[in-house]
Participant: 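Following this message is one structure expressed as structure tokens.
Predicted, not measured: the structure shown is a model, and the values here were computed from it.
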4 protein chains.
Amino acid sequence: MMRSGDDHLHPNETQRIEAFSDGVFAIAITLLIIEIAVPHVTGGESLSSALGDLWPSFGAYVLSFVMIGIYWANHHSFFRLFVRTDHYFLILNVFFLMAIAFLPFPTAVLGEYLNNAGHRDAAVRLYALGLLLPAFGWLAVWVYANARGLVEERLAPEYVRFLTAQYLLSNVLYAGALMLSFLDAWVALTIVVGLTLLYLLPPRRPRYAG
Amino acid sequence: MMRSGDDHLHPNETQRIEAFSDGVFAIAITLLIIEIAVPHVTGGESLSSALGDLWPSFGAYVLSFVMIGIYWANHHSFFRLFVRTDHYFLILNVFFLMAIAFLPFPTAVLGEYLNNAGHRDAAVRLYALGLLLPAFGWLAVWVYANARGLVEERLAPEYVRFLTAQYLLSNVLYAGALMLSFLDAWVALTIVVGLTLLYLLPPRRPRYAG
Amino acid sequence: MMRSGDDHLHPNETQRIEAFSDGVFAIAITLLIIEIAVPHVTGGESLSSALGDLWPSFGAYVLSFVMIGIYWANHHSFFRLFVRTDHYFLILNVFFLMAIAFLPFPTAVLGEYLNNAGHRDAAVRLYALGLLLPAFGWLAVWVYANARGLVEERLAPEYVRFLTAQYLLSNVLYAGALMLSFLDAWVALTIVVGLTLLYLLPPRRPRYAG
Amino acid sequence: MMRSGDDHLHPNETQRIEAFSDGVFAIAITLLIIEIAVPHVTGGESLSSALGDLWPSFGAYVLSFVMIGIYWANHHSFFRLFVRTDHYFLILNVFFLMAIAFLPFPTAVLGEYLNNAGHRDAAVRLYALGLLLPAFGWLAVWVYANARGLVEERLAPEYVRFLTAQYLLSNVLYAGALMLSFLDAWVALTIVVGLTLLYLLPPRRPRYAG
């Protein structure tokens with residue numbers, strides 16, 4: 001006998017995906033610091049100035065910490081709009097988490113090479129890509145969930161369209177930053193930082209039809 | 001006075017084993033990125049090409065991330081079929097988790113040596129072993145749980161046999177990939193990647209007798 | 001239709017912020033050990049004495065472990081006084097966690113350079129800063145929560161004032177240790193260690209108006 | 001107004017200490033693999049033999065993974081015997097966790113130097129110390145909890161005495177292994193491994209007075 005309705009797992013499923021995702025967010029955000037190595041000071045060099053020279057690493061740490069923090073808050077707020085799950089939804093969420101867990105690497109590369117004129121462009125390019133990947137992953141989760149009817153039906157259609165537009169725009173802007181990094185790394189980085197500041201603003205509350 | 005029925009711990013036990021296992025899955029999956037070191041570029045070399053040279057590491061990262069993600073999803077789906085636990089079940093689960101937590105090491109070795117003709121075979125061999133170990137661990141958990149009556153009794157016998165066969169087959173295929181890596185590393189790797197893609201398909205739903 | 005009362009999220013919100021924060025505390029505290037590298041002993045050197053030479057690293061490990069442990073206990077005890085949350089409260093908590101997650105770095109620097117007369121001052125300075133940051137972050141969370149009415153109303157006003165004074169004092173003392181490290185690193189470190197011992201005493205229990 | 005009965009926190013307290021402790025266990029156990037570095041093979045050396053040379057690291061990984069797994073299972077089983085908590089109980093638990101979180105370091109040292117005749121003794125000594133510390137920490141938690149009446153009153157006194165004796169014996173045996181490592185590292189290691197195998201046996205079930 002096949003259980004009926006098994007195509008859509010029961011609501012608890014979204015809770016366990018959330019718990020696992022929260023674990024990945026918490027670990028990725030806390031691992032960021034591991035990528036900053038203790039400077040090895042030799043001879044007459046001063047530790048103070050060696051620590052000061054790490055400013056690109058500290059900056060990249062702050063930027064990525066805030067980004068993962070925002071994704072965590074966002075994932076939580078909007079996961080509650082998903083009232084059902086299915087197998088491919090779960091798989092897409094794993095791919096989204098893969099992009100989040102990848103962030104410590106571009107962060108470390110940015111910290112290492114931001115202050116290096118010869119390699120700054122490549123480092124910023126990788127970092128913009130590192131932010132485009134989770135933005136794209138999240139867009140994929142959202143579009144799939146809508147196409148498969150996993151999203152709370154009572155949501156106002158215009159609110160759903162607003163979110164879709166917002167996620168698309170994020171992708172366009174990160175892709176733009178990626179392109180611009182071929183021309184000017186600082187302009188590309190400004191877009192990335194600006195977007196992060198923008199995301200610190202409160203998200204628009206869910207609106208319901210009716 | 002000895003509590004009766006203590007041989008089989010109460011149902012909450014499976015929940016706490018799940019919570020601990022989920023922690024190990026989430027940490028192992030997120031630690032994978034730590035194994036990819038920031039390239040140290042010197043002289044006239046370009047950072048872009050140094051990053052591009054890391055493709056085996058990125059590929060190994062994606063492969064192992066998906067594998068651990070699949071094990072997590074699988075562990076969760078099937079753990080709910082275990083309605084009782086006992087001491088050795090818990091121990092076997094710890095050994096299974098040991099194999100999961102080991103994966104970042106073969107992943108790092110594969111990333112480092114896949115593109116190195118002289119050492120590729122050994123790296124693929126270790127990676128195939130790294131995937132055989134959790135497959136074997138999970139088989140051991142499953143066979144033990146069935147032998148000791150820890151599994152939901154209402155499951156259809158043919159469904160139980162189907163799962164046993166499937167877990168055995170996984171072991172045979174990973175062992176096969178391990179053997180084949182002595183002949184041709186690329187063939188062995190193709191089997192490993194092919195199995196991973198196969199596991200991305202939805203698992204067969206539990207069937208109940210009746 | 002906009003939901004009313006959405007400005008203040010429902011009580012469960014504080015629980016999920018706590019769960020995420022607990023994850024960051026648990027990871028940051030456990031990552032501390034990763035920063036102590038296995039000594040590479042060569043020639044006639046003895047491993048015992050090489051391990052003994054790591055005493056500043058072991059000391060810094062103990063100090064930071066206890067500090068993060070205290071912050072965890074404190075975060076939990078007082079988070080239950082927050083009965084509502086809002087967006088900026090969540091953001092401030094992320095900044096507080098950023099300061100907690102940063103601690104493994106100053107800890108590693110302190111362990112590396114405490115026994116090095118030429119660089120001790122800079123290492124202690126960074127460590128004092130590393131402790132000032134979460135103290136300041138927590139003060140910001142507390143002051144914001146009070147200003148926005150997120151704190152349990154039944155708390156006795158004199159108890160609220162006591163906590164505010166205590167958090168302010170912590171900031172002053174860590175800032176003092178930071179300043180003093182320019183004059184004498186050992187005096188600064190003594191203040192830091194003394195504060196840690198003080199924090200091991202039981203916190204004053206919440207008092208309620210009535 | 002001071003809340004009465006606040007000296008003993010409510011039962012939920014033990015749950016949140018357990019959740020935090022479980023996090024530390026899960027992270028410490030999963031971090032063990034990070035300490036095994038990918039071998040750098042050069043010239044005519046083979047990767048297979050370089051991997052084979054890592055056997056002491058793999059052995060130490062298995063030993064420590066099983067030990068932390070046992071501590072996790074033990075912590076959980078016996079934490080449910082604590083029906084109240086107080087401030088110093090929480091502090092002692094933090095010190096116990098500090099000893100657990102420290103284990104990856106002696107594990108890494110053992111893996112690096114076990115196969116090195118000149119430094120084996122010191123490595124085994126550190127490892128025995130690394131196991132003595134959590135054994136001692138747990139004994140302290142247990143003795144304190146009994147002295148302060150935090151333990152379930154219905155437990156049979158002879159069962160409480162049995163546990164106390166068992167924890168004391170563990171301490172004596174690890175201290176013995178530590179001493180013996182000055183004479184013969186292999187004998188000391190045999191005791192450590194033997195104890196681990198012994199701990200894999202099912203623990204004696206709680207007995208209740210009545």
Side-chain angles (χ1 to χ4, degrees), chain C residues 15 18-19 21-52 54 57-58 61-70 72-73 75-77 79-80 154 156 159 199-210, chain D residues 1-7 9 12-13 16-17 19-32 34-37 57 86-88 90-91 93-113 116 118-126 129-130 182:
Chain C
Q15 278 177 24
E18 262 193 273
S21 305
D22 273 15
V24 172
F25 283 119
I27 300 154
I29 214 170
T30 318
L31 280 180
L32 288 169
I33 198 64
I34 290 297
E35 302 275 8
I36 308 183
V38 175
H40 288 288
V41 177
T42 51
E45 218 189 332
S46 104
L47 178 57
S48 291
S49 73
L51 290 170
L54 287 176
S57 293
F58 297 139
Y61 170 76
V62 171
L63 198 57
S64 292
F65 201 100
V66 171
M67 276 313 302
I68 299 179
I70 289 166
W72 163 72
H75 192 268
H76 245 306
S77 310
F79 233 72
R80 119 179 31 151
R154 295 175 303 128
Y159 181 70
Y199 289 148
L200 285 177
L201 297 174
R204 195 186 281 199
R205 300 271 157 209
R207 299 188 65 167
Y208 292 87
Chain D
M1 194 193 74
M2 192 82 169
R3 266 180 171 172
S4 65
D6 257 335
D7 224 42
L9 308 182
N12 284 358
E13 284 307 285
R16 80 173 174 81
I17 300 180
F20 183 72
S21 306
D22 274 14
V24 171
F25 283 119
I27 300 154
I29 215 171
T30 318
L31 280 180
L32 288 168
I34 289 297
E35 301 275 8
I36 308 183
S57 293
D86 68 13
H87 181 72
Y88 293 106
L90 193 149
I91 299 279
N93 192 61
V94 167
F95 275 90
F96 166 68
L97 293 176
M98 193 195 292
I100 291 290
F102 184 69
L103 262 176
F105 180 73
T107 305
V109 170
L110 186 67
E112 187 88 10
Y113 291 103
N116 181 325
H119 300 302
R120 182 182 302 130
D121 293 14
V124 171
R125 197 144 54 239
L126 179 71
L129 178 65
F182 284 91

Participant: So what's closer than 4.5 Å to chain C heavy atoms on D/Ala123: side chain, backbone, both or neither?
Facilitator: both
Participant: So which heavy atom on D/Ala101 is nearest to which on C/Phe65, and how close?
Facilitator: CB-CE1, 3.6 Å
Participant: Given a strict heavy-atom distance threshold of 4.5 Å, which part of C/Ala37 is in contact with chain D: side chain, backbone, both, or neither?
Facilitator: backbone
Participant: To the closest 0.5 Å, what do you measure between CG (D/Asn116) and CG (C/Leu47)?
Facilitator: 8.5 Å
Participant: For C/Ser46, is it the side chain, the backbone, both, or neither that has a heavy atom closer than 4.5 Å to a heavy atom of chain D?
Facilitator: backbone
Participant: Need one label for C/Leu51: side chain, backbone, both or neither, based on atoms under 4.5 Å from any heavy atom in chain D.
Facilitator: side chain
Participant: May I ask you to name which of C/Val66, C/Val41, C/Ile68 has the most heavy-atom pairs under 4.5 Å with chain D?
Facilitator: C/Val41
Participant: Report yes if the side chains of D/His87 and C/Pro203 come closer than 4.5 Å at any heavy-atom pair, otherwise no.
Facilitator: yes
Participant: Is C/Glu45 in contact with chain D via its backbone, its side chain, both, or neither, using a 4.5 Å heavy-atom distance?
Facilitator: backbone
Participant: For C/Leu54 and D/Phe105, which heavy atoms make the closest approach, and how far apart are they?
Facilitator: CD1-CZ, 3.6 Å
Participant: If you tally heavy-atom pairs under 4.5 Å against chain D, which of C/Ala19, C/Gly69, C/Ser48 wins?
Facilitator: C/Ser48
Participant: Taking side chain as everything from C-beta outward and backbone as N, CA, C, O, which of these in D/Tyr113 sits under 4.5 Å from a heavy atom of chain C? Side chain, backbone, both or neither.
Facilitator: side chain
Participant: Of the listed residues (D/Asp22, D/Ile100, D/Leu31), which shares the most heavy-atom pairs with chain C below a 4.5 Å separation?
Facilitator: D/Leu31
Participant: Heavy atoms only: give me the nearest D/Tyr88-C/Leu200 pair and the separation to one decimal.
Facilitator: CE2-O, 3.9 Å
Participant: Is any side-chain heavy atom of C/Thr30 closer than 4.5 Å to a side-chain heavy atom of D/Phe102?
Facilitator: no
Participant: Where on D/Ile91 is there a heavy atom nearer than 4.5 Å to chain C: the side chain, the backbone, both, or neither?
Facilitator: side chain
Participant: Of all the heavy-atom pairs spanning C/Ala73 and D/Arg16, show the shortest one and how long it is.
Facilitator: O-NH2, 4.3 Å
Participant: Of the listed residues (C/Ile34, C/Ile70, C/Leu32, C/Ile29), which shares the most heavy-atom pairs with chain D below a 4.5 Å separation?
Facilitator: C/Ile34
Participant: Is it the backbone or the side chain of C/Tyr159 that comes under 4.5 Å from a heavy atom of chain D, or both, or neither?
Facilitator: neither
